[in-house]
Asks: 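Here it is, the structure in full.
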Amino acid sequence: MQIRHLQRVLAPEPAPRDTPGGHPLRSIVRRLARVEREGSRVTVIASATTVRDGLRREELTLGSPARGEFRAVLLSPEHARPGPGVLVLGGKNARLEQLTGEAAPDHPDRNTAERLARAGLTTLAFDHGVLGGVPSERLGGRDEGAVLAHAFTLTGRCLLGALVGDALGVLAVLRAHPLVDGERVGLLGHSMGAAVALHTALLAERPLPVCAASHLGTYPALFGRLFTGFEGAVLPGILEYADLPDLYAALAPAPLQLQYGTDDPFLDPADTRAAAETVRRGYRTAGVPEPEVLELPMGHGTHVAHAARFLTRALAAPAADPAPVPAQRIRFDATERRAVLDRVDTALASGVLTQGPLVARFEELAGDWTGTAGVAVSSGSAALEIALRILDVAGGTVLMPVNTFFATAAAAVRAGARVRFVDIEPEGLGMDPAALRAALDREPGARAVVPVHIGGIVPPSLDEVLALCAERGVPVLEDAAHAFGSTLRGRPAGSLGRFGAFSFFPTKVALSGEGGLVTGAAPEDLEAVRRWRDHGKSAAGSTLHDRPGGNWRLSELHAAVGTVDLERFAATLAARRALARRYDALLDGVPGLRPHPVPGESGSNYYKYLAHLDESVDREVLKKRLRDRHGVHLAGEVYDHLLCDQPYFGAAAGPDGDFPRARRFARHHIALPLFPSLTEEEQERVVSALRGELS
Ligand SMILES: *Cc1c(COP(=O)(O)O)cnc(C)c1O
């Protein structure tokens with residue numbers, strides 16, 4: 001009985017370690033479930049086999065340190081050869097004899113293990129031990145499962161975790177069975193058993209197909225509105241991180257079938273439908289086939305025929321294809337997420353929700369990487385616009401490279417300027433000094449020059465650009481949105497011009513969700529940024545406004561994310577650089593493409609890992625094939641359209657030429673996926689996919 005488990009667990013144990021690379025929710029589930037590895041090790045103590053009525057029936061006595069001895073039954077077709085196996089997890093009130101068809105089922109389709117075996121699958125079902133441990137006279141009408149769940153809570157553990165521990169142990173027995181191909185096992189669960197199946201699959205080492213019946217909805221509905229939730233089917237504290245549909249979605253890419261009945265008195269069909277949609281969306285986001293969701297005219301049951309069809313198909317093919325390599329993956333581990341939540345909590349408790357101590361800390365942390373002090377603002381675009389307004393570009397001209405993000409130019413337009421575009425130089429992808437000189441000759445009254453550090457490279461040519469601008473008396477604003485942490489001959493991006501502008505949008509190398517930073521060496525410039533970002537107040541706290549400022553402030557809540565991200569930035573940068581070096585080595589000898597060599601003086605943060613394609617390669621076709629045939633998603637280009645070709649600027653581009661070098665680069669480069677959590681295996685898949693398609 002699970003009661004014995006409870007007695008044992010009063011002795012503390014070290015927490016099991018995380019498996020690297022899994023969905024972030026898995027580490028949460030592992031922590032909250034507190035499954036004990038040692039306690040869950042299950043051995044076969046005795047077995048006896050009979051054949052009856054076309055089924056081979058193996059009665060097993062299993063034992064584990066947590067549970068002691070308990071019963072299980074393995075069923076297979078009489079003449080079965082090694083094949084797929086399914087662990088069958090019954091509901092709270094399901095007895096083993098009913099699951100296996102020895103006793104008449106007292107609930108629709110309760111004999112699931114028997115019927116799946118008749119459909120050709122080897123099944124293993126075991127006694128979950130939730131009921132029958134306490135004499136009924138002592139229960140006095142109370143639900144035994146609830147009593148047991150509460151008793152577990154007293155020890156800081158949970159009944160669901162104990163059930164999952166058993167299931168993981170029994171799963172290993174199933175895998176090792178001579179009639180089972182250990183690579184092809186799946187889970188079927190009903191009600192509480194579906195919760196066990198879900199959490200077991202989340203903690204399993206590789207994706208397992210799961211069929212979950214009559215257990216779908218949101219926890220707030222099940223526990224707060226319907227009052228039908230069972231505490232033995234939920235991890236205490238889980239809602240702090242995820243709702244039930246999020247947990248199902250975290251099973252991606254494992255094949256998943258969700259069944260629910262429209263007449264199930266424990267579920268609310270509308271809530272269940274919405275939950276199913278959340279799961280579907282999660283699978284879509286992960287870029288894998290959607291789960292099968294079956295809304296059926298049944299009560300609180302299992303549709304065994306649908307389950308058998310699904311499991312037979314899911315377990316037929318050898319292991320599923322590996323998950324796709326995404327263009328980008330943002331990851332905060334459990335400790336980092338906890339740190340963000342703690343900071344948000346502190347902000348909420350203090351009532352200071354914007355421009356408070358977290359924003360100050362964010363500015364301080366950013367300063368370690370930008371060389372000069374900075375003022376946090378609401379976005380990279382706001383940073384650019386504020387700097388341009390301080391430079392008083394209204395009515396004048398601003399010069400910038402023709403291959404930058406639209407936001408660079410739009411900020412200048414909003415600040416009242418006319419923009420003129422300049423071609424790039426091919427080595428550092430910066431503004432071409434000769435082209436800039438010609439543009440300055442054409443625009444003698446230019447109010448600002450905005451170089452952009454494309455892909456994280458601060459180009460050596462920037463020194464010439466700076467000298468030229470100094471000579472002409474034109475201030476320089478670095479659009480360093482790509483270049484947080486990058487350097488040129490040891491000098492940080494953002495410290496080279498009069499102003500630097502950074503973005504902390506989620507796709508950038510450092511992020512706060514939404515956020516930006518203006519850097520500058522002159523204290524009066526930074527003070528002006530503070531005035532502009534706060535509605536143009538003439539002084540802090542004043543109600544007098546002396547310029548048309550805006551709401552360009554950063555909130556404390558964004559700074560909570562941003563500070564946590566900046567605290568790990570040294571590791572982020574080191575990881576990006578190591579991955580880039582590894583791509584350099586792996587791509588050596590791949591035909592049809594040439595990695596862009598980063599100039600030796602430039603310390604790139606590898607915002608983008610850029611490569612040039614041979615002119616004969618059709619980039620769109622290549623990207624589609626990488627996606628469709630290899631599950632490899634390339635990152636976005638920087639950029640595929642020149643600004644002069646954007647609908648907004650098309651007509652206004654002026655007589656600036658046709659930008660041959662920028663055009664050539666825009667047309668023929670790609671950016672490989674590169675983010676700190678990219679694994680070596682994923683990198684190898686990217687490169688072998690490229691090699692396969694380009695050879
Ligand atoms: C991202 C980006 C911006 C804009 O930053 P937001 O934070 O999205 O406003 C500006 N310039 C460049 C080059 C960028 O990549």
Side-chain angles (χ1 to χ4, degrees), residues 327-328 330 359 362 366 370 374-389 398-415 417 419 421-422 424 428-431 448-459 462 476-486 493-494 496-497 499-519 529 532-533 550-555 558-559 561-562 565-566 604-610 635-643 646 648-649 662 665-666 669 671 674-675:
Q328 150 99 339
I330 293 166
V359 169
F362 179 75
T370 57
V375 175
V377 294
S378 54
S379 70
S381 308
L384 289 165
E385 184 174 341
I386 290 172
L388 289 165
R389 284 178 180 274
V398 173
L399 298 172
M400 61 187 60
V402 70
N403 72 321
T404 176
F405 184 48
F406 184 74
T408 319
V413 171
R414 283 197 310 276
V419 296
F421 302 126
V422 177
I424 61 166
L429 307 175
M431 280 174 130
V449 169
V450 188
V452 183
H453 309 321
I454 285 293
I457 303 171
V458 188
L462 184 68
V476 171
L477 158 62
E478 299 173 67
D479 182 341
H482 295 188
F484 191 82
S486 294
L496 301 162
F499 285 108
F502 292 90
S503 164
F504 297 89
F505 186 70
T507 59
K508 316 286 161 138
V509 294
L511 57 101
S512 61
E514 298 288 359
L517 185 80
V518 185
T519 54
V529 176
W532 277 100
R533 77 171 168 185
N551 172 3
W552 289 314
R553 297 176 301 247
L554 187 70
S555 80
H558 289 97
V561 178
D565 192 57
L566 289 182
S604 179
N605 63 8
Y606 290 95
Y607 170 58
K608 298 282 175 175
Y609 186 93
L610 300 170
E637 292 86 25
V638 278
Y639 289 83
D640 61 342
H641 290 101
L642 300 183
L643 285 187
Q646 290 290 355
Y648 180 73
F649 288 113
F665 174 68
H669 78 279
L674 195 158
F675 39 82

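Remember, it's 1-based here, ligands and their atoms both numbered in the order they're listed. Sequence positions, counted from 1, serve as the residue numbers for this chain.
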Asks: Any idea how Phe649 and Phe406 line up, ring-wise: parallel (<30°), tilted (30 to 60°), or perpendicular (>60°)?
Replies: tilted
Asks: Are Val476 and Pro451 packed together at the side-chain level, in the sense that at least one heavy-atom pair is separated by less than 4.5 angstrom?
Replies: yes
Asks: With a 4.5 Å heavy-atom cut-off, do Phe499 and Val529 have their side chains touching?
Replies: yes
Asks: Enumerate the pairs of nitrogen or oxygen atoms, one from ligand 1 and one from the protein, separated by less than 3.5 angstrom; state names and distance to 0.1 Å.
Replies:
{"from": "ligand 1", "atom 1": "5 (O)", "to": "Ser503", "atom 2": "OG", "distance (Å)": "3.2"}
{"from": "ligand 1", "atom 1": "7 (O)", "to": "Gly380", "atom 2": "N", "distance (Å)": "2.8"}
{"from": "ligand 1", "atom 1": "7 (O)", "to": "Ser503", "atom 2": "OG", "distance (Å)": "2.7"}
{"from": "ligand 1", "atom 1": "9 (O)", "to": "Gly380", "atom 2": "N", "distance (Å)": "3.3"}
{"from": "ligand 1", "atom 1": "9 (O)", "to": "Ser381", "atom 2": "N", "distance (Å)": "2.8"}
{"from": "ligand 1", "atom 1": "9 (O)", "to": "Ser381", "atom 2": "OG", "distance (Å)": "2.5"}
{"from": "ligand 1", "atom 1": "11 (N)", "to": "Asp479", "atom 2": "OD1", "distance (Å)": "3.4"}
{"from": "ligand 1", "atom 1": "11 (N)", "to": "Asp479", "atom 2": "OD2", "distance (Å)": "2.8"}
{"from": "ligand 1", "atom 1": "15 (O)", "to": "His482", "atom 2": "NE2", "distance (Å)": "2.9"}
{"from": "ligand 1", "atom 1": "15 (O)", "to": "Lys508", "atom 2": "NZ", "distance (Å)": "2.6"}
{"from": "ligand 1", "atom 1": "15 (O)", "to": "Tyr639", "atom 2": "OH", "distance (Å)": "3.3"}

Asks: Which heavy atom in Ala327 sits nearest to a heavy atom in Ala635, and how many Å separate them?
Replies: CB-CA, 3.9 Å
Asks: Does the side chain of Ile386 come within less than 4.5 Å of Val375's, by heavy atoms?
Replies: no
Asks: Among all residues two or more places apart in sequence or in another chain, which pass the salt bridge (Lys or Arg N to Asp or Glu O under 4.0 Å) test with Glu385?
Replies: Arg389, Arg414
